[in-house]
Amino acid sequence: MIDVHYWPTNNGIKVTILLEELGIPYRIVPVNLGRGDQFADDFLAISPNNRMPAIVDTEPCGGGPALSVFESAAILFYLAEKEGRFWPQDDVHARYEIVQWVVWQAANQGPKFGERGHFAQVPESAGDQSYARRRFDDEVHRLYGVLNNRLYDRRYVAGDTYTIADIAAYPYTMSWRQQGIDLDEFRYVRRWFEEISARPGVQRGLAVTAGPPEDPASLSAEELERRRGILFNQRARPAP
């Protein structure tokens with residue numbers, strides 16, 4: 001059994017899509033980011049960067065005690081290697097073609113898209129954000145171009161076969177409208193996006209929840225302020 005410490009963000013969705021594509025049993029352990037569950041000691045024991053997702057595999061390869069893995073890219077590598085699907089292990093060229101694109105997603109697409117979303121929501125009271133918004137709008141556009149150029153002569157990100165490279169990149173393209181992107185400008189991304197969206201395993205992965213949605217109107221002003229304090233402008237946690 002795989003325990004998935006999860007909240008339905010883009011990084012969490014990567015993991016549920018892969019699990020559904022693999023068809024292996026798993027259990028969702030909700031990590032309510034707004035409430036601050038990611039700072040609980042038991043969660044930090046398996047995800048010391050206080051970010052989700054993280055998994056705990058109670059039956060790791062080779063036996064032994066339960067194995068925990070944090071960081072979504074590392075989780076994709078682990079699960080695909082364990083199950084022998086979506087990441088070939090016997091061809092070094094194919095293996096590292098996939099590795100570099102999963103790392104591209106984790107190091108470029110994910111962070112830059114996230115920064116773009118963050119600065120788009122910063123209130124005017126925080127000061128002039130025009131440079132940051134322009135910087136990350138341009139970077140998101142550039143990265144769509146990288147993906148589009150990659151896909152113009154191949155069906156999937158890493159070649160002719162659907163792999164964890166596609167699973168890693170797909171969730172970050174789902175909000176292309178909110179990202180200010182005209183997908184018609186990137187026709188090869190559109191073709192790829194529509195094909196991935198139609199996969200039953202992807203649809204099942206997207207349907208996974210962490211329980212009923214929370215109504216922000218039900219939260220007091222004090223609780224909303226507390227949550228803002230733990231979610232933004234974090235600094236280093238002191239060592240024990």
Side-chain angles (χ1 to χ4, degrees), residues 1-33 37-38 43 46-47 51-61 66-89 94-95 97-99 101-106 109-110 113-114 147 151 154-176 178 189-214:
M1 175 65 71
I2 306 290
D3 283 345
V4 184
H5 295 257
Y6 174 83
W7 200 246
T9 67
N10 290 338
N11 286 328
I13 288 167
K14 295 179 198 173
V15 177
T16 55
I17 286 176
L18 179 56
L19 287 165
E20 289 293 337
E21 293 277 22
L22 292 169
I24 58 178
Y26 65 94
R27 181 174 71 101
I28 292 294
V29 181
V31 180
N32 188 318
L33 301 181
D37 293 353
Q38 67 272 32
F43 182 70
I46 61 171
S47 184
R51 296 289 189 271
M52 94 63 241
I55 65 167
V56 177
D57 185 356
T58 60
E59 297 180 2
C61 290
L67 173 67
S68 63
V69 183
F70 74 100
E71 291 294 330
S72 60
I75 294 169
L76 297 187
F77 287 133
Y78 174 77
L79 293 173
E81 181 179 5
K82 179 182 181 184
E83 298 299 318
R85 296 177 62 196
F86 306 120
W87 186 31
Q89 302 296 300
R95 178 179 171 87
E97 193 73 11
I98 294 165
V99 166
W101 283 98
V102 173
V103 173
W104 170 84
Q105 190 285 314
Q109 186 199 42
F113 284 30
L147 189 57
L151 290 165
R154 51 182 57 81
R155 183 176 180 183
Y156 298 109
V157 171
D160 295 328
T161 304
Y162 176 73
T163 71
I164 55 173
D166 302 286
I167 293 171
Y170 171 78
Y172 279 87
T173 63
M174 294 189 303
S175 300
W176 54 270
Q178 293 93 320
V189 175
R190 177 182 283 280
R191 183 266 307 158
W192 168 85
F193 175 81
E194 291 174 350
E195 179 176 344
I196 303 300
S197 297
R199 291 181 66 92
V202 171
Q203 294 173 4
R204 292 193 302 270
L206 293 174
V208 175
T209 71
E214 188 175 58

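Here the CZ atom belonging to Phe193 is positioned 5.0 Å from the OG1 atom belonging to Thr173, to the nearest 0.5 angstrom. If you take CD on Glu71 and CD1 on Ile55, they are separated by 12.5 Å, rounding to the nearest 0.5 Å. Taken to the nearest 0.5 Å, the OH atom of Tyr6 stands 10.5 Å off from the CG atom of Leu19. Atom CD1 of Ile46 sits about 11.0 Å away from atom CG of Leu67, to the nearest 0.5 Å. Rounding to the nearest 0.5 angstrom, the gap separating the CG atom in Leu79 from the CG atom in Leu18 is 5.5 Å.
Listed by chain and residue number, nothing satisfies the salt bridge (Lys or Arg N to Asp or Glu O under 4.0 Å) test with Arg95 (two or more places apart in sequence, or in another chain). The side chain to side chain contact (heavy atoms under 4.5 Å, CB included) test applied to Val29 returns Asp3, His5, Arg27, not counting sequence neighbours. Residues passing the ring-ring contact (aromatic ring centres under 6.0 Å, His included) test with Trp192, sequence neighbours excluded: none. With sequence neighbours excluded, the residues satisfying side chain to side chain contact (heavy atoms under 4.5 Å, CB included) with Asn11 are Thr9, Lys14, Pro53, Ser72, Tyr172. For Arg204, the salt bridge (Lys or Arg N to Asp or Glu O under 4.0 Å) partners are Glu20, not counting sequence neighbours. Scored by the side chain to side chain contact (heavy atoms under 4.5 Å, CB included) test, Thr209 finds no partners at all (sequence neighbours excluded). Contacts of Ser197 classified as side-chain hydrogen bond (donor to acceptor under 3.5 Å, both in side chains), with partners at least two apart in sequence or in another chain: Tyr170. Every residue two or more places apart in sequence or in another chain was checked for a side-chain hydrogen bond (donor to acceptor under 3.5 Å, both in side chains) with Glu81, and none qualifies. Applying the ring-ring contact (aromatic ring centres under 6.0 Å, His included) test to Phe70 and every residue at least two apart in sequence or in another chain returns nothing. Considering only residues two or more places apart in sequence or on other chains, Asp57 meets the side chain to side chain contact (heavy atoms under 4.5 Å, CB included) condition with Ile2, Glu59, Pro60, Tyr78, Lys82. In this structure, the ring-ring contact (aromatic ring centres under 6.0 Å, His included) partners of Trp104, at least two apart in sequence or on a different chain, are Trp101. Looking at residues two or more places apart in sequence or on another chain, you find a side-chain hydrogen bond (donor to acceptor under 3.5 Å, both in side chains) between Glu21 and Tyr162, Arg199.
A donor-acceptor contact shorter than 3.5 Å links the side chain of Gln38 to the backbone of Leu33. In terms of modelled atom types and a separation under 3.5 Å, the side chain of Ser47 and the main chain of Met52 share no donor-acceptor contact.
A pairwise comparison of heavy atoms in Ile98 and Ala165 identifies CG2-N, 4.2 Å as the closest pair. The minimum heavy-atom distance linking Met174 with Asn10 is given by the pair CE-OD1, 4.1 Å. The two atoms that bring Val157 and Leu151 nearest to each other are N-CD2, 3.7 Å, heavy atoms only. Between Thr161 and Asp166 the shortest heavy-atom distance is O-OD2, 3.9 Å. The two residues Pro171 and Ala168 make their nearest non-hydrogen contact at CD-O, 3.6 Å. In plain terms, the two heavy atoms of Asp37 and Phe43 that are nearest each other are O-CB, 3.9 Å.
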>> Determine whether Trp87 and Thr163 satisfy the following criterion, side chain to side chain contact (heavy atoms under 4.5 Å, CB included), listing intermediate values before the conclusion.
In response: CA-CA 6 Å; Trp87 186 31; Thr163 71; over 6 Å; no
>> Does Phe86 form a side chain to side chain contact (heavy atoms under 4.5 Å, CB included) with Leu22? I'd like the steps, not just the answer.
In response: CA-CA 9 Å; Phe86 306 120; Leu22 292 169; 3.8 Å; yes
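The closest side-chain heavy-atom distance from Ile28 to Thr16 is below 4.5 Å.
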